[in-house]
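The block underneath contains the structure these notes are about, expressed in C-alpha cells.
Within every chain, numbering begins at 1; the chains are lettered A, B, ... in the order of the sequence lines, protein sequences first and strands thereafter.
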There are 2 protein chains.
Amino acid sequence: MTDLMVQERQAEILRRLKQDGRVLSASLAAEFRISEDTIRRDLRDMANAGLCERVYGGALPVSRGATTLSQRMGVASERKKALAATASTLIPPRCTVYFDAGSTNLAIAEAVHEDLVVTAVTNSPAIALVLTEKPLVEVILIGGSLDRVVGGAVGARAIEAMSVIRPDICFIGTCGIDVDGGLSAFRLEDAAFKQYIAARSRRVIVAATREKFDAAAPYAVAAAGQYHCLVTEPGVDPHRLAPLREAGCEIIEAGLQEGRKTGRDQNND
Amino acid sequence: MTDLMVQERQAEILRRLKQDGRVLSASLAAEFRISEDTIRRDLRDMANAGLCERVYGGALPVSRGATTLSQRMGVASERKKALAATASTLIPPRCTVYFDAGSTNLAIAEAVHEDLVVTAVTNSPAIALVLTEKPLVEVILIGGSLDRVVGGAVGARAIEAMSVIRPDICFIGTCGIDVDGGLSAFRLEDAAFKQYIAARSRRVIVAATREKFDAAAPYAVAAAGQYHCLVTEPGVDPHRLAPLREAGCEIIEAGLQEGRKTGRDQNND
DNA sequence: CCGATTTATGCATGTTTATGCATGTTTATG
DNA sequence: CATAAACATGCATAAACATGCATAAATCGG
C-alpha cells in the first residue's frame, strides 16, 4: 500500500465501506501502515461529515436505518423496474426528453443509462434529484406550485415555464386507461398540464403497468390517438389494446420473456 | 527536465494530475528542479482557477472534490442538525419563507415543525421533496437549469420565477465566510441568484457551521451588513463575529451547551 | 536606450497540519 | 464485575505551508 494523502485515504476508506459494508480500525491501520489513532481520527471526521456511522471497532455505511429518502422514494417493484428499463431504451441520445411526475416515470429516470447524453426536463423534484446523479444529463426543472398528490409542479407558472421548451420526446404519466384507450388524471391542474406537454412534444410515450387498465380517474388527459406509444406489461387483455392499435398507437410489451398473469399482483403506485 | 515557462509547467502538472490522479509538491519540485515554494504557488493558482483541488502535500483532480449530491445528501451530522433545529425556530407562522439550495438549508427544512403553516419557496429539488412531507407547508418550486454542484436551479429562468415572489424571510446558503463577514459562493450564477433573493427578502438569515469560517469561495454574495441574522455554532472565534455585530447583524449561537473545536472538521458543503 | 514596473523565483520566518505516542477513560463481553 | 480492547485527549514533532522580502529577469514607456 503506497503512501496516500489524507483525502485519498479517506476516499479509499469510503470505497471499502461501500464495497464491504463495514471497515475495521485495526485492519485499516495495518493496510495503510499508519497508527490506529490516525484511522480513528479519519473515521471521526468522516462520521462528522455524515459519510459513515462510527461504531466501536470501526465504521458502518450511513445507509443503515436513517436513509430517509430512499425509503421515502420507495424502491420500485421488480415489475415496474422491468417496464422502466424497456421504456428508457426509447430515449435517443442528444435529445430533449420530458419526464412527467409519477412513480413510473421516476423508475424510468432511474433506469436512464449512465452513458446517455440528453437534456431532461421535469416538473418533479424526485425525478430531478435522480437525474442529477447521472453525470451526462442536463436537468431542467419546471417550477411552480407543488401539488403533493401529483408530486410535481402544475398550474400557470409551470405551463409558462414549459412554453419555451419543445421536447423531442415525453413520458406522460397516467392514473388510469379507459376502455377506449384514453388517459385520465386525479387532478384538474395535472390533467391540464399533461395535455399542454403532450401537445408540445414531438413524440408522446405513456408507460403504464397493467393495473392502470383497471383504474379510472375523473379528468381526461388524452384520447387513444393523441399519444404515439404505450409501454406496458404482458398479460393485458388484447381487447383493451385493440382500440389503441386502431388509433395508430405503437404498443410495446416489456419483458416478454416471462410475466405470467396471476391476478394477485399488488398495485405499487 | 528542461526549463519550462510557468504556463508550460502548470500544463504539465495538470497533465500528470489527470494521468496519475494526484501530484506531490516534493516530487514535482525535484523533477522540475525548482523550489517547493514555487510548486506550491503553482498549485495554489491552479486551485484558485478551479483546475485542481489543493490538499496537504500536493493536489488532487477537481472531479473528486465536486462529488455532488450523494455525499451532500448524506445524513446531516449531529452538529448540523442542532444548528438547523435552532434556525427553524426563526420561521414565523403563516409567512413566506425561501430556502436556498445547500445541505445546511436542507437540514433546516427537515427541522421544520409539523404544525407550522407556511408557504415555502425553494430552488432545490431535495429541499422541495423534504418539504412535501410536511402536510401544512405549501411548496413553491423555483425552476430553471439545475446546477449539480449547487444542487438547485439558478440562472435567468430561476430569477424570472422569483421575480413574482417577495419572501418574508429567506435562508441563504454560503460556501464560506470571509474575515469581514462577507458571504461567498463557488459558482457565479449561484452567487448572482443568492444576491437577487437576498435583495427581495424582508429578512435574510444565514445558517453556517463553524467550518464555513475557514473556507473561502471565489464569488462574493453579500457583505456583513446585507444580511440580518447569522445562526452558527459555539466555538467560532469572537474576532470573526465582531465585524458582523458592528454591521448590525444578529448572531445566534445554536446549542450552547457543548461543541468542541477540533480544528479537523472538513467542509462537506 | 534607460529608468520604472511587473513577474518569477528563492530564501527566511513564523504558522498550520498530520501523525504518533503517552495517559486516562469508555465500551463490550465473558 | 473484571478485563482487554477500543477510545479520546493532550502533547511533541517534523513536514508542509503562508507570507514577506530580496533579487534577477522580463516588460514597458518614453
Side-chain angles (χ1 to χ4, degrees), chain A residues 1-14 17 22-49 51-60, chain B residues 1-14 17 22-49 51-60 65 77-79 176 178-179 210-218 234-237 239-240 257-268:
Chain A
M1 171 62 63
T2 160
D3 283 4
L4 294 179
M5 291 182 287
V6 186
Q7 291 80 356
E8 290 179 296
R9 190 177 57 227
Q10 295 194 5
E12 175 63 17
I13 292 175
L14 202 59
L17 205 51
R22 68 169 201 180
V23 291
L24 303 177
S25 309
S27 333
L28 289 173
E31 288 198 61
F32 293 127
R33 315 263 174 91
I34 56 176
S35 74
E36 289 191 43
D37 298 71
T38 300
I39 292 292
R40 276 194 273 270
R41 274 188 272 246
D42 283 339
L43 296 181
R44 201 192 312 165
D45 291 350
M46 291 166 63
N48 209 280
L51 298 173
C52 71
E53 184 194 349
R54 196 66 225 285
V55 296
Y56 198 86
L60 297 175
Chain B
M1 172 62 62
T2 160
D3 284 4
L4 295 178
M5 289 183 292
V6 186
Q7 291 80 359
E8 291 180 293
R9 190 177 58 227
Q10 296 196 3
E12 175 62 16
I13 293 176
L14 203 57
L17 203 53
R22 68 188 282 202
V23 292
L24 303 176
S25 310
S27 330
L28 289 173
E31 288 198 60
F32 292 125
R33 316 266 174 88
I34 56 177
S35 73
E36 289 191 43
D37 298 70
T38 301
I39 292 292
R40 275 193 274 269
R41 274 188 271 248
D42 283 339
L43 296 181
R44 202 191 310 166
D45 292 349
M46 291 166 63
N48 215 284
L51 298 173
C52 70
E53 185 197 349
R54 195 66 225 286
V55 299
Y56 197 87
L60 297 173
S77 67
E78 289 306 315
R79 281 171 42 212
D178 65 29
V179 284
R210 71 172 90 94
E211 56 267 20
K212 304 280 178 164
F213 285 88
D214 306 323
V236 176
D237 182 356
H239 292 96
R240 301 296 303 275
Q257 66 284 4
E258 45 84 74
R260 310 178 313 271
K261 167 95 177 183
T262 67
R264 316 187 84 250
D265 306 310
Q266 59 185 18
N267 188 339
N268 188 44

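- Which of C/dG20, D/dA8, D/dT19 sits closest to the side chain of B/Arg41 comes down to D/dT19.
- How far CD1 of B/Ile13 is from CG of B/Asp45: 10.0 Å, rounded to the nearest 0.5 Å.
- Relative to the side chain of B/Arg40, the nucleotides C/dT9, D/dT9, D/dA18 differ in distance, and D/dA18 lies closest.
- You'll find that the side chain of B/Arg54 is closest to D/dA18, out of D/dA18, D/dC7, C/dG20.
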TODO: Between protein and nucleotides 23-30 of chain C, map the contacts as a letter string: B base, S sugar-phosphate only, - none, heavy atoms under 4.0 Å, written 5' to 3'.
DONE: ----BS--
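- Take B/Glu36 and apply the side-chain contact (heavy atoms from CB on, under 4.5 Å) test, not counting sequence neighbours, and it matches B/Ser25, B/Ala26, B/Ala29, B/Arg40.
- One atom, CD1 of A/Ile39, and another, P of C/dT19, lie 9 Å apart when rounded to the nearest Å.
- Counting only Watson-Crick or G-U wobble pairs whose defining distances are both under 3.5 Å, the stems of 3 or more consecutive pairs in DNA chain D are C:1-30 with D:1-30.
- Between C/dT9 and B/Thr38, no contact under 4.0 Å exists linking OP1 or OP2 to a side-chain N or O.
- One atom, CD of A/Glu8, and another, C1' of C/dA18, lie 14 Å apart when rounded to the nearest Å.
- Side-chain contact between B/Leu24 and A/Met5: present, with at least one pair of heavy atoms (C-beta onward) separated by less than 4.5 Å.
- Of all the heavy atoms in B/Leu43 and B/Ala59, the pair that sits closest is CD2-CB, 4.0 Å.
- The side chain of A/Ser35 places no N or O atom within less than 4.0 Å of a non-bridging phosphate oxygen (OP1 or OP2) of C/dC21.
- The separation between B/Glu36 atom CD and D/dA18 atom P is 12 Å, rounded to whole Å.
- Residue B/Ser25 places none of its side-chain N or O atoms closer than 4.0 Å to OP1 or OP2 of D/dA16.
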